[in-house]
Structure formats: C-alpha cells, structure tokens
Amino acid sequence: NAGVTQTPKFRILKIGQSMTLQCTQDMNHNYMYWYRQDPGMGLKLIYYSVGAGITDKGEVPNGYNVSRSTTEDFPLRLELAAPSQTSVYFCASRSTQGHSGNTIYFGEGSWLTVV
Amino acid sequence: SQKIEQNSEALNIQEGKTATLTCNYTNYSPAYLQWYRQDPGRGPVFLLLIRENEKEKRKERLKVTFDTTLKQSLFHITASQPADSATYLCALEGGSQGNLIFGKGTKLSVKP
C-alpha cells in the first residue's frame, strides 16, 4: 500500500492565484483530513470528510474548499491565494474499524509559498 | 473547548538517558490519547495510543502513562539514541466526529 499520497511536494504561488493540492489514499479509509502546520503552531484542521460526498469545516477553513467525490480522493482547493496561506499542508486519513480505527495516517506534506 | 499543551518546545538530553515529554489537557478527559513522531520535512507517524482506562502502555523503549486526575500524559524514551531525535506530538479527541487536536510538539535532541 502507498498509504496517503499528496501532490505537489513544493509549490510557489503568486498572490491571487488558485491551485489544488491533491490527496489520495489506498487504505479504503472513511475519514480524511486536511491540516496545515505553521512553525511553532502545531497542526490545525482545515477541513475533514467522514465519507464520499460528505465534508465539513475544521478549525481554519477560510480561503479553502474541498470535495470528496470518491473514497480515495480528497483534494484541497485554494482560491485567491494569500501570503497567510504559506504553510505546510498535510493530508491524512483514518479507518473507523477495529483497533486501528483511532490512528491517523499522514501524507508526506506539501510545502506552499505564496509570494 | 478542549486545549492541549506540551510544556517544552525543546528538550536536549545525552545519549543513553531517559527522555520524558509532558502533555497536559484542560477540559474533559478524552477516551484516548495518542503520541506521534515527526521528522523534519515528513508527516507525523503514529507511535502509541493509550485509553482512559489504561494507566501505562509500553512499546519497545517507549512508555506512555495517562493520569486522568492530573489531566496529563507522560511519554518516556528509555536508553535514548541520536536516532530518537525528532519532534513528538501529543494528540487527543477534541472536536466533532472524534477529530483529533494536536499539541505544538516537543523537539527532542539526543546528543551522542
């Protein structure tokens, strides 16, 4: 299994541009998440999904959008990029089954710089 | 709302010593608490989960304790090695749908 795969790894955006961070998981997990991690600030939840067709806002959703058309994919869309969105973005997933149901599996991260 | 604090931003110890990291939470006791390891430029990786009815859990050189009276978890690495150098994150259930909230992490440096 590849686990959670994110692309791109690095991206530089100009202010006002838009882009999509891709995330896919091959573990058939119901729950998927997008976090951002700023230096010294810990992980903040942007959006999450409990299954295909269902998404909900996390702690810091402003400036972002998500969709969940399949179990595997959970893309994060940045509209009108702003310097405050410069961060490291992590996609994650978890199962709801069995003893591993509470463990979150993270992707390797996407480094985004808005200039 | 639930808040989680990891008291030390950084911890420096000598190889072979035991590292002890602290995680405190402020409100209701969660059903479980987790510890993750994060290396520079990588995503966090799950290490251990401890449930509210478990006082202690071990995995190789790792030991986690959970004190619901003190609202605190301690994470111990015995016989520490330079390869243990990383940032360690504490996480617990704090939002809707059982979403995890994370502490800011403690950066552990083990010197040879």
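Please read these numbers as outputs of a predicted model, since none were measured by experiment. The chains referred to below are lettered A, B, ... by the order of the sequence lines, with proteins before strands, and numbering in each begins at 1.
- Within 6.0 Å of atom CD1 in A:I15, more than 12 heavy atoms from other residues, nucleotides or ligands are found, so the atom counts as buried in its surroundings.
- Counting heavy atoms of neighbouring residues, nucleotides and ligands inside a 6.0 Å radius, atom NZ of A:K9 exceeds 12 of them.
- For B:E9, no part lies under 4.5 angstrom from a heavy atom of chain A.
- For B:L100 against A:Y35, the heavy-atom pair with the smallest separation is O-OH, 3.6 Å.
- Follow the hydrophobic side-chain contacts under 4.5 Å out from B:Y88 and you reach B:L48 in the same cluster.
- Tracing side-chain contacts under 4.5 Å through hydrophobic residues (I, L, V, M, F, W, Y), one never reaches A:V60 starting from A:V88; they form parts of separate clusters.
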Please report the C-alpha distance between B:Q38 and A:F90 in whole Å, then the side-chain angles of each, then the deciding distance to 0.1 Å, and finally whether the side chain to side chain contact (heavy atoms under 4.5 Å, CB included) criterion is met. CA-CA 12 Å; B:Q38 186 174 23; A:F90 289 100; 3.5 Å; yes
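- For the atom pair CZ (A:R94) and CG (B:N99), the distance works out to 7.0 Å, reported to the nearest 0.5 Å.
- For a residue to count as touching a neighbouring chain, one of its non-hydrogen atoms must lie under 4.5 Å from one of that chain's; by this rule A:K44 does not touch chain B.
- Residue-environment remark: NZ (B:K57) exceeds the threshold of 12 foreign heavy atoms within 6.0 Å.
- Side-chain heavy atoms closer than 4.5 Å link hydrophobic residues (I, L, V, M, F, W, Y) into clusters, and following such links, even through other members, never connects A:I46 to A:L80.
- Contact count versus chain A (heavy atoms, under 4.5 Å) is highest, among B:K104, B:K107, B:Q6, for B:K104.
- The shortest heavy-atom contact between A:W111 and B:R42 is CH2-N, 4.3 Å.
- Side-chain atoms of B:Y36 come within 3.5 Å of backbone atoms of A:I104 as a donor-acceptor pair (strictly under, hydrogens ignored).
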